[in-house]
Amino acid sequence: MTAAYAVAGAHPGPVYAALVCVGAAAWLMGGPDAGSRRARLLLAGGCAAGDGSAGDGVTGAGAVGRGRPVPGGRIVALGGAVRRFAGRVGRQWLCLPVGGVLAVLAESVLPLLAAVAAVPLLGRWLRRRERRRAAERREGAVIELCAGVAAELRAGQQPERALLASGAGGLGQAGSAVLAAARFGGDVPGALRRAAREPGAGGLAGVAACWQVAVDGGAGLADGLDRVADALRAEREQREELRAQLAGPRSTALVLALLPLFGLLLGTAMGAEPLRVLLHSPVGWGVLAAAGLLEWAGLAWVAQIVRAAEGAKAA
């Protein structure tokens, strides 16, 4: 590609910056630890960090040689520093330096303005994703709570002692309130119902109902908790199966959304300078605005189709 740039006479800086932005976007879409272990394994000659053969992945003593810095270790260290900084201030703020670099290379303020507009949108998407993951963790904690309490009950423990022995890890303050009610003789079903209001902890309402029936009517609490846990597991498996079925359409939508960027790269490689036309002419501004609106409409349409499919499957 460098040869193509030399023949076409195009400046490769904006294209390289665009590639950097694609990598940054992929990192932002992934988790905070995505790919870091793979990079350490590759740079340390296939040895996991901490096994005595690769050191810390930066100055490891594995395949490269004992005490010698691993090639590329500084890149890994820099990536770790960027991740720590993003973890403190929020990954959405990384849009600003990326937009600033693009603005300097393209000699236009539009990339910086787009980065400023992307900060709240990306922040909202990251918060929504974190809330969804927290709800899934709470759901898993409810399943573990049901299984643990049922096992303790079958071992001969009283309901309150079984609940205290199982704990309520993953349920946060609501779980602590449930444990406090069990420890000091409080209203355990009421505490469970209040904890069930948290996203992902709706299964605790079934636990509260089983607890109330067992206390008032003497019914078997362990069997009821097993049925609640089985129902929650079945619901989670159904949701995971649905996500697997929708992975294909989502990947197709992502590829189609990135096609305009590859078109810009191809045009730049051919010497057409599409970025200069888009960023430095009124006609280009109009085309860029129309393309942005169409891109947003397409992504919103695909998201609506996916939500409709999820709702139909859940029903």
Side-chain angles (χ1 to χ4, degrees), residues 1-30 34-35 39 72 75 78-79 82-83 85-86 90-126 128-129 247-306:
M1 182 170 287
T2 305
Y5 284 129
V7 173
H11 193 276
V15 179
Y16 290 158
L19 292 175
V20 171
C21 290
V22 172
W27 180 82
L28 288 172
M29 295 287 287
I75 298 178
L78 179 60
V82 172
R83 291 178 186 277
F85 174 78
R91 282 182 287 169
Q92 66 272 18
W93 293 103
L94 292 178
C95 294
L96 295 181
V98 173
V101 171
L102 281 177
V104 172
L105 293 176
E107 299 179 355
S108 173
V109 74
L110 292 181
L112 183 58
L113 295 178
V116 172
V119 168
L121 298 177
L122 182 59
R124 185 174 62 180
W125 181 82
L126 290 173
R128 189 186 308 119
R129 187 182 67 169
R250 283 173 172 167
S251 300
T252 302
L254 180 60
V255 171
L256 293 177
L258 293 178
L259 279 180
L261 178 59
F262 290 105
L264 292 176
L265 295 177
L266 181 60
T268 304
M270 296 174 61
E273 297 187 356
L275 292 178
R276 183 167 296 278
V277 175
L278 290 174
L279 300 178
H280 297 277
S281 66
V283 175
W285 298 339
V287 171
L288 193 61
L293 288 176
L294 291 174
E295 185 88 0
W296 172 82
L299 292 176
W301 185 30
V302 172
Q304 179 61 33
I305 292 175
V306 171

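Taking both residues in full, the closest heavy atoms of A115 and C95 are given as CB-O, 3.2 Å, listed atom of the first, atom of the second, then distance. Minimum interatomic distance between L121 and A117 (heavy atoms only, all atoms of both residues): CG-O, 3.6 Å. When all heavy atoms of P111 and S108 are compared, the pair lying nearest together is CD-O, 3.3 Å.
Open room surrounds CZ on R124; 12 or fewer heavy atoms of other groups in view lie less than 6.0 Å from it.
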Would you mind writing out the side-chain donor-acceptor pairs for residues 282-306 within the sub-3.5 Å range, not counting sequence neighbours?
residue	atom	partner	partner atom	Å
W285	NE1	L279	O	3.1
Q304	OE1	R307	NH2	3.1

Please lay out, stage by stage, how L278 and L264 fare under the test side-chain contact (heavy atoms from CB on, under 4.5 Å).
-> CA-CA 10 Å; L278 290 174; L264 292 176; 3.6 Å; yes
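Of the possible polar contacts, none joining the H280 side chain to the L275 backbone as a donor-acceptor pair under 3.5 Å is found.
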